[in-house]
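Beneath this line is the structure, given in structure tokens, with notes to follow.
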Amino acid sequence: MSQPWRTPAGGRINRHRELRFTFDGRELTGYEGDTLASALLANGVHLVGRSFKYHRPRGILSAGPEEPNAIVTVRRDAARVTPDLRATEVPLYAGLDAISQNRWPSLGVDVGAINNLLSPFIPAGFYYKTFMWPRGAWRSLYEPKIRAAAGLGRAPEQPDPDTYATRFAHCDVLVVGAGPAGIAAARASAKRGVRVILCDEQPQFGGSLLAEPSASTALIEGQPAEQWLSASLKELASLPEVTLLSRTTAFGYFPHNFVGLSERLTDHLDSVRPGQPRERLWQVRAKEVILATGALERPLVFPGNDRPGILLAGAARTYLNQYGVMPGRRAVLLTACDAAYRAALDLRSAGVEIAAIIDVRERADGALPEAARRAGLTVHSNATVVGTVGSQRVKAIRVARLDGSGAPQGSIERIACDALLMSAGYTPSVHLFSQSRGKLVWNDAQQTFLPGEPAERTHCAGACRGVFGLAAAIEDGRGAAARAGGDVSGSSKMPEPAAGEFGGILGALPQPAGKPVVKAFVDWQNDVTSKDLALAAREGFRSIEHVKRYTTTGMATDQGKTSNLNALAIVAGEIGKRIPEVGLTTFRMPYTPVTFGSFAAYTRGELFDPVRTTPTHEWAVRRGAVFEDVGLWKRARYFPRKDESMHAAVQRECLAVRNGCGMFDASTLGKIEVVGKDAVTFMNRLYINSWSNLAVGRCRYGILLRDDGFIMDDGVVARIAEDRFHVTTTTGGAAAVLGMMEDFLQTEWRDLQVWLTSTSEQWSVIAVQGPKSREVIAGLVEGVDLSNAALAHMGVAHGRICGVPMRLFRVSFTGELGFEINVPADYGQSVWEAIYAAGQAHGITPYGTEAMHVLRAEKGFIIVGQDTDGTVTPHDAGLAWAIGKSKSDFVGKRALERPAMQSIERKQLVGLLTGAPHVVLEEGAQLIASAQHRLGERPIGHVTSSYYSATLGRSIAMAMVRGGRARQGETLYVLADGQPVPVQVTSPVFYDPQGTRLNA
Amino acid sequence: MLLINCPYCGERPEPEFVYGGQAHIARPTDPRACSDQQWADYLYLRDNVKGVHNERWRHTHGCGRFFNALRDTTTDRFLATYEVGHEPPATLKGAHS
């Protein structure tokens, strides 16, 4: 018979739609509306996983997000494999394929279970104490083995084929949790006409009401609870200002009422349409947040409390009433609170035999225990469970009476059962409140931490702040809505909790003396026992944060939802302190795990980062250019011909520039237009150079320091008019330079009349370089005399090229006669193509950034960020000549006067030549003074740039070397693969040191 | 993600802004008159406040303006934002520790 543990009727499942699914390859059926966990239980499958450390057989403990045991992998297809899901939260769909984890070769027969037998030898801190010697073995032996044995599911091996959506939302009131309190709060808020978002992690709204029996007689506002629920939801759905989000977990509460919601859109569907987003990340900014996150039931800590078939009492009630599943035929309830009696009563009504109710409290005489007795159930108060029997399913429990001191005494009674329901009481879910940095306060009456002073506009309602019971929760929800709406008359005082109904006990149940052999689990997922916690206390751990890390309690993917408070109570007892004195570990986001896909959303593949392209990009693509990323820019690195190697292409491009003409797209350079009557004053204060004496129509190499005296950026600056400068920056430095300029203008030099405009993307810059460059462009340029006399090196002219307005710079980053043609970006590609066509007669060659680097290195021109590293002064870089000597101040000047900045021992820029001309040094390689490198000897410098120069027929390099300029002619050594390579220190200018070619 | 009240544009989300370090650190008007130690202090010495901190922000992806703020570093709550060149609001001055 299929689903033998299903009740004949009832539950919120759709019995008309049977769904087939598999678990570890076994074919099973469930119903629409099931979770994987409820469907497994309907088939009598309790053994669903092996524990993390001891590989003990484990069953389903809970019915919600707190589940520590039933952790599975769900495989939709080859690529859609999701490990480490809680079976209690996996919605069942037709064809679902689930696999258990942490077992080999199978769930029933698991070799790793040997760890359970070895457990006396692997206590808390075992790894720290054991795998210490020999030191090298950690990397080669211990860590790989431990890593292989540890972990739960396996990460997917294929790229995630799903898409993920994301959206921002704003609302007046965000209500988290759609139980009675949350629904009441949402309704009351919506009545004010404000924008409300109500979210809940479950597929259906209703929270604790969903676990009520369908024949429940509970009344809300005079209506049966079920009617109230459907009427409330209907009303909310009809309101245009209300957004209802089911299957949506509020996983993180960030500053300023910013809350992250993860909405699951397709994981419950039988099949997924291509492109249908799997999840949607909501980033909600709420004026007011109402947390109605309920409470989680705590398990009891007693020996053998982890066998399959032992589950939380509330979960058993949920499985029965919401899913129509019986967790057993003969059950025992072990409880420390009244609320759990409801589970026994409901199961009894459904025909489950209740073998006994064991209540650990001295007396059980509340309304619910009395009801149980009236129903003929046997209640043993002042008793406890001291052991359980069964391997892959509980078969019996061992019960003992408690004596006056609360210790087990007398004979032990064995009670046969196939399910044990347990409840230590309820812990308010303060996770999100704590994430928001709200203060948690210990409440002595309730023996739990409750929300105290909020850090944000946060209002808690219902069980999450210790207000239990249907009527009280509804009232509290309305009260929270009133406070969120600014009504301060409503009291936020809590009603007195019904004594004993939900509170229960904390910590471990008493155990017989002298029998610490059997494990009493506190943290199921990380296999932490009460013994481990006691050991940590004995070994001197006092801070709960340290105990947590040492024993790993609360550190699994469930973040200790069922275990934290019990662990805290045990530690407090061991070290003789009150719980609030021991403190609480920090709640961190996410509440439950969130997929990476959800965070990545659209920013994958081509949308991962914005891409900036220059106006000639398409042309370069057509020419087969190889590109490199420079910041967000795509820059042509070289233009290979057919099968040409990079090395060959770069040599060809370099020689073309030296011997004829090359063209280069320099559009990525940063460009800032500095305008205003105080522009020259501004430039004088900012850059190290003197600008007063720069004539209109001339340009100059400018250097910008930070105020600490180190080079920040460089670039050619042209004076376009008395009150107008065209400033260029490095490609990567453009935004930072503009930001620094704005900073000084807006905050320090507010009296200056200067306006800054970024023009980086408005100008397309085409560098035409080489001895024939003048001839190439001569036929295209109008209105500018290109002769050396009229437009000398570092001259700037306005005119037209191909009919397009142009700023023409006669500048050179190659050492050859050269021009940089600035045209409006829209004309960039057509002007480029016209120059390329005109240059054919002269062998014009497009070149990329690689050739540009070699050409400038041959001339000893630095690249900021390559030859400098944020600790290089103008003196160090050999650029002190650029400093405007008569200026009393500029940014960085005072710092340069500090003694340390003038030390002759500072690293200085030099050239290096290897003895063997074809050896190209490694950039970044360290320099030492003698061939015999002594261990611990500090290097005296490092190689910053290194290339093979086709022009010189040999390798060249630039380096920063301690006291380098005084070392010219010396032989130093570069370590290459541990071997010293002799190099000669030279000037960094390798080619045309007189600059005659520049001025041609 | 913080919500920051730009004095020129109003409340905007944090990604539109860039943090600008401690506020009210004026560059000495005559650096030559500073001792090396004074200059080093100006360059490198900053408060590390647990509590209300005076700091600069720039609405880089908005109006581009720098402004000052008082933020509690323990709660991330902004007590005030105000224009460059102004002192912190008088009522909050005492809060600055």
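The basis for the numbers below is simple: all heavy atoms, side chains too, and nothing from hydrogens, waters or symmetry mates. Here is how names work: the chains are called A, B, and so on, in the same order as the sequence lines, proteins then strands, and each is numbered from 1.
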So, applying salt bridge (Lys or Arg N to Asp or Glu O under 4.0 Å) with A:D743, which one of B:R65, B:R56, B:R58 is it?
B:R56

Closest heavy-atom contact between B:V84 and A:T747?
CG1-CA, 3.9 Å

By a 4.5 Å heavy-atom criterion (distance strictly below it), what part of A:R706 contacts chain B: side chain, backbone, both, or neither?
neither

How about B:W39 and A:E897: do any of their side-chain heavy atoms sit closer than 4.5 Å?
no

To the nearest 0.5 Å, what is the distance between CG on B:L2 and CZ on A:F254?
12.0 Å

What do you reckon, is CZ of A:F596 surrounded by more than 12 foreign heavy atoms closer than 6.0 Å?
no

Got more than 12 heavy atoms from elsewhere within 6.0 Å of CG, A:D751?
yes

Between B:M1 and A:R285, does the side chain to side chain contact (heavy atoms under 4.5 Å, CB included) criterion hold? Intermediate values first, please.
CA-CA 9 Å; B:M1 194 203 298; A:R285 181 84 66 183; 3.8 Å; yes

Select, from B:T74, B:T29, B:D30, B:L3, the one with the greatest count of heavy-atom pairs under 4.5 Å involving chain A.
B:L3

Could you tell me which non-hydrogen atom of B:F66 sits nearest to which non-hydrogen atom of A:Q746, and how far apart they are?
N-OE1, 2.6 Å

Count the heavy-atom pairs under 4.5 Å between each of B:P13, B:G20, B:C34, B:P28 and chain A, then report the option with the highest count.
B:C34

Shortest non-hydrogen contact from A:D708 toward B:L43:
CA-CD1, 3.7 Å

Is A:S888 close to chain B through its backbone or its side chain, or both, or neither, when contacts mean heavy atoms under 4.5 Å?
both

Where B:D36 and A:R894 come nearest, the two heavy atoms and their spacing
OD1-NH2, 2.7 Å

Can you give me the closest heavy-atom contact between A:G892 and B:R27, atom names plus distance?
N-NH2, 4.2 Å

In short, A:R898 meets B:A40 closest at the heavy-atom pair NH2-CB, 3.9 Å

Sort A:E748 into side chain, backbone, both or neither according to what part of it lies under 4.5 angstrom from a heavy atom of chain B.
side chain

With only heavy atoms counted, which part of A:D707 is less than 4.5 Å from chain B, the side chain, the backbone, both or neither?
both

If I measure from the heavy atoms of chain B, does A:A895 come under 4.5 Å with its side chain, its backbone, both, or neither?
both

Heavy-atom cut-off 4.5 Å, strictly under: side chain, backbone, both or neither for A:R437 against chain B?
side chain

Counting only heavy atoms not in B:R32, do more than 12 fall under 6.0 Å of its CZ?
no

Find the distance between OG1 (B:T60) and CD (A:E742) and round it off to the nearest 0.5 Å.
9.5 Å

Under 6.0 Å from the CZ atom of A:F608, do we count more than 12 heavy atoms belonging to anything else shown?
no

